[in-house]
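See structure below.
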Amino acid sequence: MFKSFTFSVPVSKSLPLLLVTSLVSLSAQAKLTLSGEVIQGGLIVGQATPGAVVKLNDKVLKVGKQGEFAFGFGRDDKSRYQLVVTNPDGTTEQKTLTPETREYKIQRVNGIKKSIMKPNPKAVARAKKDSAQVRTARATDSDLTYFADGFVAPIKGIVTGVYGSQRFYNGEPRTPHYGLDYAGDKGDPVKAPADGVVTLTVADMFYSGGTMIIDHGHGVSSTFLHLSDSYVKVGDKVKQGDVVAAVGSTGRSTGPHLDWRINWFNVRLDPALALKIQTNN
């Protein structure tokens, strides 16, 4: 399942050229390969020697039969990480990773009525229930390793919204946007960006409307929002490119579009960066 990867990162003050060179040379000796960008919102996909133990700081990462593993960095993550791999022969490798800081699109809107800013108690209760279902689905820690085969865009459309952008209303920050928005018409086909198993389908959540989550393994999942229809159910296995849903404008949406999100458990990642991960497929 897992293909050979090369480590691709932007050379910056957080990851000097010397470290990039070291990574390449060590991976050739110890069969450790990584792909992805060490940057806020980045998904990292790696392969170690089968049977190796991989730790990210104090967290033991799940490792597949072929040595596949994954982790990621949140939108505002500035932490310093130690990636430690203990091979079956007892040898160890250690790498220090600090995600590069990004600048996000910020929009400030003033003059909003206080009545609009104040949330409806019933809506808040419903949204909390919705969030609990989403958190449960994203907590899935399966042995699947489909994340290691890379991702394709779920729809052909113009990108209208990007990861990390945020609005301030009357000076108060709103929740940042954690997805990639694609323009589309109601009913346009939505395809699975990678193989996986459907873990959630809800027709009408308060904020996100028609919502679907697909597990790609090891805590990596895709979420689709504002869907008008779903063609699969919980437990269904899907292949990359399968049509699984339809674009809509359900929930709190101003028009038909697809909001695609990627998570590593509760860590919200940038789908645009996941699309750049290279495999040998």
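Summarising the local packing, NZ of K191 is surrounded by 12 or fewer heavy atoms from other residues, nucleotides or ligands at distances under 6.0 Å. Within a 6.0 Å radius of CZ in R252, other residues, nucleotides and ligands contribute 12 heavy atoms or fewer.
A distance-only check finds no donor-acceptor pair linking the side chain of Q166 to the backbone of I106 [under 3.5 Å]. At distances below 3.5 Å, at least one donor-acceptor pair connects side-chain atoms of Q40 with backbone N or O atoms of D77. The main-chain N or O of N87 is never found under 3.5 Å from a side-chain atom of T91 such that the two would form a donor-acceptor pair. Under a 3.5 Å cut-off, the side chain of S253 and the backbone N or O of T250 do not form any donor-acceptor pair.
Side-chain contact of Q94 with Q82: a donor-acceptor pair under 3.5 Å is present, judged by distance alone. In the model, Q107 has a side-chain atom that pairs as donor or acceptor with a side-chain atom of R167 under 3.5 Å.
How far CG of L180 is from CG of D270: 7.0 Å, rounded to the nearest 0.5 Å. The CD1 atom of I214 lies 10.0 Å from the CG atom of D195; values are rounded to the nearest 0.5 Å. A distance of 10.0 Å separates NE2 of H216 from CG of L43, quoted to the nearest 0.5 Å. Atom-to-atom distance recorded for D259:CG and S208:OG is 9.0 Å, nearest 0.5 angstrom. The CE atom of M212 sits 6.0 Å away from atom CG of L227, with the distance rounded to the nearest 0.5 Å. Separating the CG atom in D130 from the CZ atom in F206 is a distance of 9.0 Å, to the nearest 0.5 Å.
Taking the six-membered ring for Trp and the full ring otherwise, H218 and F147 have centroids separated by under 6.0 Å. The aromatic ring centres of F71 and Y81 sit 6.0 Å or more apart.
Here the side chains of R75 and P176 are in contact, with some heavy-atom distance below 4.5 Å. For the pair R138/T223, a side-chain contact is recorded, criterion being any heavy-atom separation below 4.5 Å from C-beta on.
In this structure, R261 forms no cation-pi arrangement with F224, as its terminal cationic atom is not both closer than 6.0 Å to the ring centre and no more than 45° off the ring axis. The cationic atom of R268 (NZ for Lys, CZ for Arg) lies less than 6.0 Å from the six-membered ring centre of Y178 and within 45° of the ring axis.
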Item to check | Intermediate values then yes/no, salt bridge (Lys or Arg N to Asp or Glu O under 4.0 Å), K237 and D242 | outcome: CA-CA 10 Å; K237 296 180 180 179; D242 284 353; over 6 Å; no
Item to check | D143/K65 under salt bridge (Lys or Arg N to Asp or Glu O under 4.0 Å): CA gap, chis, key distance, verdict | outcome: CA-CA 9 Å; D143 293 333; K65 292 181 179 180; over 6 Å; no
Checklist entry - What do the steps show when you test K233 against D236 for salt bridge (Lys or Arg N to Asp or Glu O under 4.0 Å), and what is the final call? => result CA-CA 6 Å; K233 62 183 183 300; D236 283 352; 3.2 Å; yes
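Closest non-hydrogen pair, S221 versus I213, comes out as CB-CG2, 4.0 Å. Between P154 and L258, the shortest heavy-atom contact is CG-CD2, 3.7 Å. Residues A183 and T160 share a closest heavy-atom pair of CB-CG2, 3.8 Å. Minimum interatomic distance between L200 and V202 (heavy atoms only, all atoms of both residues): CD1-CG2, 3.7 Å.
Taking the six-membered ring for Trp and thresholds of 30 and 60 degrees, F151 and W260 have ring planes inclined between 30 and 60 degrees apart.
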